[in-house]
Amino acid sequence: MTRLVLIDGSSYLYRAFHALPPLTNAAGEPTGALFGVVNMLRGHLKEKPEHIAFVVDASGPTFRDALYPEYKANRPPMPDELRAQIEPMMEIVAALGIPILREPGVEADDVIGTLALQAAEGGLEVTISTGDKDFAQLVRPRVALVNTMSGSRMESDAAVMEKFGVRADQIVDLLSLMGDAIDNVPGVEKCGPKTAAKWLAEYGSLDGVIAGADAIKGKIGDNLRAALARLPLNRELVTIKTDVALAQSPADLALRERDVEALRGLYARYGFNQALKELDGGAAAGAIAEKEPGVARGGGFVAAAVPASVEGLDPALSAPGEYETVLTDPQLSDWIAKLQAADEFAFDSETDSLDPMRANLVGLSFSVEPGKACYIPLGHDYPGAPGQLPRDAVLEALRPLLQDPAKKKLGQHGKYDLHVLRRHGIVVAGYADDTMLESFVLSAGIARHDMDSLAKRHLGYETIKYEDVAGKGAKQIPFSQVAIDDATRYAAEDADITLRLHRVLSPKLEAEPSLLSVYRDIEMPLVPVLARVEANGVMIDAEELRRQSAELSRRMLAAQQKATELAGRSFNLDSPKQLCALLFDELKLPALVKTPSGAPSTNEEALEAIADQHELPRVILEYRGLAKLRSTYTDKLPEMINPDTGRVHTSYHQAGAATGRLSSSDPNLQNIPIRSEEGRRIRTAFVAPPGRRLVACDYSQIELRIMAHLSEDPALLRAFAEGADIHRATAAEVFGKPMAEVSANERRAAKAINFGLIYGMGAFGLARQLGIGRGEAQDYIALYFSRYPGVRDYMERTRQQARDAGYVETVFGRRLALDYIHSRNASQRASAERAAINAPMQGTAADIIKRAMVRVDDWLADKRSASGESSALMILQVHDELVFEADEAFVPELLERVPALMADAAQLRVPLVVDSGVGMNWEEAH
DNA sequence: GGATGCCCTTA
DNA sequence: GTAAGGGCATCCG
């Protein structure tokens with residue numbers, strides 16, 4: 001069967017231009033769109049189609065312009081950087097031997113439509129390659145659609161139905177109803193793909209919908225009726241023609257010989273090194289290497305088109321797996337023997353809950369070689385479930401393996417499994433590798449680290465989703481109810497894929513010594529430590545919180561009554577929308593702040609700004625503060641007490657924040673209020689049990705100290721060496737007076753500058769923070785940099801590093817990739833620059849406290865009271881603070897040792913200082 | 001019931 | 001101006 005590939009050149013050029021960063025070659029010529037198109041073409045040529053064409057729009061009007069003068073009228077003019085890439089693109093296409101079609105007076109879409117049908121009728125297999133969904137209307141036998149950018153492929157009515165909810169022959173009607181903003185074709189207001197598909201399912205066709213329009217209820221029905229008159233025109237505009245007169249027929253479109261010399265020149269000129277290598281080395285056509293300069297920070301496009309790192313992958317790593325359900329003793333013995341013989345094995349547990357502190361074990365899976373894995377069901381209890389091996393006996397049989405520190409184990413987010421197994425009596429040792437953390441260390445800032453994403457990205461493998469076996473939403477069933485065959489496919493795959501991912505990710509880490517050490521020396525040792533901190537949990541005085549809730553309720557009610565009185569009517573104080581209408585429409589108060597979407601904001605800043613003109617804003621702020629405390633904290637925390645332990649157990653997410661910080665959820669114990677008086681009271685409910693105390697140890701000004709270390713600025717280093725109040729010292733420098741004469745206001749301004757520096761601020765932000773003019777803020781900043789030139793140089797160095805390498809690093813070598821550092825969108829770019837400034841400081845602080853946690857945990861390990869209980873437990877981490885619960889008698893030893901361990905967790909050019917406090921509750925200890 | 005917008009809490 | 005998680009309203013399916 002001969003094949004014809006029809007490439008929608010214009011569509012790809014535009015999409016690649018917008019999807020890729022503004023790459024340039026050595027001469028500074030823009031190459032981003034070109035790069036995307038060239039890789040797309042090489043992908044197609046790899047399939048060696050016999051016939052191929054690259055179709056582009058000719059200049060000049062077409063029949064659609066005649067039909068509808070506004071057609072495509074709101075398209076912005078082509079950017080110069082894109083226009084400059086068209087000629088080179090045509091040269092490369094020609095040199096590749098691909099026929100180019102450019103038909104005057106006919107849009108590329110119609111050329112493609114006509115050729116596709118002619119070819120299909122002539123018996124060719126046609127593939128239309130485009131980023132434009134409108135082409136779905138052409139899908140039929142022998143005509144398939146492929147989008148190399150999204151990686152999607154539609155070759156049948158069924159695929160169209162799956163994507164759009166209608167048949168291919170209904171696509172035109174669907175598009176007519178939806179309209180097309182890009183082409184300036186207005187559809188039915190508020191009618192998107194879902195609504196349009198629903199109507200077409202009901203009425204069969206556009207004509208059916210038009211005829212039945214009167215029966216459609218609601219606002220959307222009105223919208224439909226308002227649009228009725230233009231729907232027939234829409235249909236003409238969105239229909240791709242299949243009968244235009246063309247000079248060429250499919251037979252004229254044979255792929256020609258490529259001009260290697262011309263290609264060599266072009267590739268070299270535009271810096272397409274990988275393509276060049278393929279020309280010279282004769283490597284597989286279409287290969288795209290991940291290491292190609294520019295691609296690493298190119299991000300999405302290449303990864304989506306052809307998963308970049310899949311190239312050169314051992315085929316065994318992307319093949320389907322063979323999975324075994326272990327239901328008998330001999331099978332179990334077999335697998336235990338395999339695990340014993342393996343250097344390292346992957347494991348995964350299945351449970352009936354996402355909360356590792358409540359989950360019951362339902363099954364275990366293991367893998368020792370790619371493609372081979374087993375699932376041992378232990379707790380499937382649906383009616384008719386096959387007999388399973390007894391859970392406790394299986395765990396006993398596995399115990400020697402799981403608890404052997406010399407037996408290396410591998411998982412994906414294994415902290416969860418460590419919890420589950422510990423709660424079933426197995427304390428796993430030798431947990432050596434975690435694919436989530438491998439990915440986190442390798443590509444923080446550019447990738448997700450969940451298994452499904454990793455499998456797709458690194459193996460080109462589409463995993464079975466949890467929803468596929470257990471359903472979703474209200475209909476979701478617990479894993480114990482999932483049929484064992486389905487469970488095996490899902491669960492064994494998890495272990496299998498984990499092992500395969502490790503085979504791909506591990507060598508990448510080994511190749512980068514600094515990343516490897518972040519992974520080996522910081523992240524992996526932290527896993528069991530975090531598991532212990534989470535398992536320890538914190539004791540909460542639920543009664544105290546309930547009292548506070550009641551008190552807050554009373555005050556909220558009072559505020560609500562006052563607000564109703566002031567407004568002259570009742571309204572929902574929680575609704576920004578109603579508030580907006582009331583304050584800005586009815587009461588005509590000025591809307592001084594806008595939300596990101598452009599609506600008037602009712603946030604604190606906006607309300608403060610109008611608080612002198614009306615009493616209501618102040619009352620709303622009062623209500624908001626109280627409501628936040630109650631709903632988020634005093635009501636919620638008592639609900640989160642684990643019934644088994646009587647304590648609250650947060651989850652720390654180790655791959656959560658791109659800078660390397662931890663995040664905390666369920667509940668988040670890293671944002672417990674402290675600034676306001678009533679908020680701080682919540683901390684009195686974080687208590688120590690009788691005979692124990694809470695001890696809080698926090699790093700003082702750690703990020704500024706890191707800034708001093710990184711910038712090596714003499715004045716800053718000196719201030720820290722002398723142990724000065726850093727904000728006061730900054731004020732003294734900036735305002736040119738002795739420390740003792742710095743006013744409270746000057747110190748406040750200096751503090752704002754110091755914080756602003758850590759966040760990569762500009763004059764605008766500082767002005768806002770201090771409530772001063774931009775010019776004045778700029779003067780402060782200039783003054784600051786004149787006193788601390790080392791800091792100014794460091795900031796510029798960091799930006800430059802981010803631009804050159806596409807990433808920045810912490811003191812310990814952790815990297816954060818900055819995808820948007822070359823964005824042509826100035827605000828995105830500025831944002832990436834601020835992140836670049838902040839990440840080394842925030843990230844180094846995160847590295848330091850992580851190292852400290854491992855050391856402190858190790859020190860605490862054998863500290864026990866006479867009764868054998870731990871003398872002290874690490875119970876919380878809040879970015880620069882560690883909280884412990886300790887025997888009263890052990891507190892002095894803890895205070896002697898822990899702050900020192902924390903301070904010694906890094907050797908910087910300035911001392912690290914750790915403050916500590918002790919109390920019956922967290923508020924007192926702080 | 002799920003996604004999104006807005007607002008607010010922390011370091 | 002950096003980094004997070006989460007509650008409530010609202011819109012849509």
Side-chain angles (χ1 to χ4, degrees), chain A residues 165 190-195 197-198 218-220 444-445 472-476 571-580 593-607 620-621 624-633 635-636 650-653 656-676 679-680 682-683 698-699 701-703 752-770 777 781 808 816 818 827 830-843 845-846 849 876-881:
Chain A
K190 298 276 173 190
C191 174
K194 301 292 176 190
T195 308
K198 191 179 76 181
K219 184 90 172 67
I220 190 107
K472 60 173 178 172
K475 276 177 266 171
Q476 191 165 72
F571 64 102
N572 183 351
L573 276 82
D574 288 321
S575 162
K577 202 176 164 184
Q578 292 184 29
L579 218 49
C580 222
V593 185
K594 297 270 183 272
T595 68
S597 63
S601 173
T602 65
N603 68 12
E604 183 174 352
E605 189 189 346
L607 296 184
I620 291 163
L621 284 173
R624 280 237 183 103
L626 302 170
K628 173 79 178 176
L629 293 178
R630 197 184 66 147
S631 66
T632 310
Y633 304 108
D635 279 358
K636 275 292 162 337
T650 184
S651 290
Y652 288 106
H653 193 11
T659 53
R661 269 194 183 178
L662 300 178
S663 72
S664 156
S665 68
D666 311 293
N668 182 352
L669 296 184
Q670 290 181 323
N671 69 350
I672 303 302
I674 191 165
R675 286 170 199 168
S676 77
R680 193 155 50 236
I682 291 168
R683 295 188 172 223
D698 70 287
Y699 286 105
Q701 306 294 354
I702 188 165
E703 292 186 6
I753 295 175
N754 280 332
F755 272 97
L757 287 164
I758 294 171
Y759 298 152
M761 69 161 181
F764 185 80
L766 182 64
R768 208 176 143 100
Q769 176 70 32
L770 288 175
I781 293 172
V808 291
L816 172 64
L818 295 151
S827 85
S831 173
E833 286 183 5
R834 291 191 297 270
I837 299 281
N838 177 254
M841 295 184 266
Q842 189 183 118
I849 198 166
L876 293 171
Q877 190 254 40
V878 193
H879 307 309
D880 65 1
E881 173 184 9

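By convention in this document, chain letters (A, B, ...) are assigned in the order of the sequence lines, proteins followed by strands, and residues within each chain are numbered from 1. Heavy atoms only: backbone and side chains are in, while hydrogens, waters and symmetry mates are out.
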Discussion item. Any residue in residues 834-842 of chain A with a heavy atom nearer than 4.0 angstrom to DNA chain C? Just list them by number, or reply none.
Written reply: A:Arg834, A:Ala835, A:Asn838, A:Gln842
[X] [atom1] to [N] [atom2], straight-line distance once rounded to whole Å:
X        : N      : atom1 : atom2 : value
A:Leu629 : B:dT9  : CG    : C1'   : 9 Å
A:Asp574 : B:dC8  : CG    : C1'   : 12 Å
A:Ile672 : C:dA4  : CD1   : P     : 19 Å
A:Asn754 : C:dG1  : CG    : C1'   : 14 Å
A:His879 : B:dT9  : NE2   : P     : 16 Å
A:Lys594 : B:dG5  : NZ    : P     : 18 Å
A:Leu573 : C:dC8  : CG    : C1'   : 13 Å
A:Tyr652 : B:dA11 : OH    : P     : 13 Å

Item to complete: Determine whether A:Ile781 and A:Met761 make a side-chain contact, defined as any pair of heavy atoms from C-beta on separated by less than 4.5 Å.
Response: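 The answer is yes, as the side chains (C-beta and beyond) meet within the 4.5 Å cut-off.
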With heavy atoms under 4.0 Å as the rule, sort [X] into base, sugar-phosphate or nothing.
X        : answer
A:Arg624 : sugar-phosphate
A:Gln769 : base
A:Phe755 : nothing
A:Leu757 : nothing
A:Ile674 : sugar-phosphate
A:Ala658 : sugar-phosphate
A:Gly760 : nothing

Worksheet item: Any idea which of B:dC7, B:dC8, C:dG1 is nearest the A:Thr602 side chain?
Response: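 When the side chain of A:Thr602 is considered, B:dC7 is the closest of B:dC7, B:dC8, C:dG1.
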Worksheet, complete the sentence: Ranking C:dG7, B:dA11, B:dC6 by distance to the side chain of A:Pro596, first place goes to B:dC6
Discussion item. If you assign A:Thr659 and A:Pro667 each to the DNA chain C nucleotide with the nearest heavy atom, which residue ends up on the more 5' nucleotide?
Written reply: A:Thr659
So, OP1 or OP2 of [N]: does either fall under 4.0 Å of a side-chain N or O from [X]?
X        : N     : result
A:Arg675 : B:dT9 : no
A:Ser663 : C:dG5 : yes
A:Ser597 : B:dC6 : yes
A:Thr595 : B:dC6 : yes

Fill in: side-chain contact (heavy atoms from CB on, under 4.5 Å) partners for A:Pro673, two or more places apart
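Applying side-chain contact (heavy atoms from CB on, under 4.5 Å) to A:Pro673 gives A:Leu629, A:Tyr633, A:Ile682.
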Discussion item. A:Thr595: which residues meet the side-chain contact (heavy atoms from CB on, under 4.5 Å) condition with it, sequence neighbours left out?
Written reply: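 Per chain and number, A:Thr595 pairs via side-chain contact (heavy atoms from CB on, under 4.5 Å) with A:Ser597, A:Ala599, A:Ser601.
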Item to complete: Please name all residues satisfying side chain to side chain donor-acceptor pair (under 3.5 Å) with A:Glu604, sequence neighbours left out, ordered by chain then number.
Response: none
Worksheet item: Which pair of non-hydrogen atoms, one from A:Ile672 and one from A:Arg683, has the smallest distance, and what is that distance?
Response: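 Result for this residue pair: O-NH2, 2.7 Å.
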Fill in: Heavy-atom pair of closest approach, residues A:Ala777 and A:Ala763
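Scanning both residues completely, I find the closest heavy atoms to be CB-O, 3.5 Å.
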Grab the N/O contacts between the protein and nucleotides 10-13 of chain C below 3.5 Å, and write none if there aren't any.
{"residue": "C:dT10", "atom": "OP1", "partner": "A:Ser575", "partner atom": "OG", "Å": "2.7"}
{"residue": "C:dC11", "atom": "OP1", "partner": "A:Lys577", "partner atom": "NZ", "Å": "2.4"}
{"residue": "C:dG13", "atom": "OP1", "partner": "A:Thr195", "partner atom": "OG1", "Å": "3.1"}

Discussion item. Using only atom types and a distance under 3.5 Å, with no angle test, would you say the side chain of A:Thr650 pairs donor to acceptor with the backbone of A:Ser665?
Written reply: yes
Worksheet entry | Partner residues of A:Glu833 under the salt bridge (Lys or Arg N to Asp or Glu O under 4.0 Å) criterion, sequence neighbours left out |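 In terms of salt bridge (Lys or Arg N to Asp or Glu O under 4.0 Å), with neighbours along the sequence ignored, A:Glu833 is linked to A:Arg799, A:Arg803.
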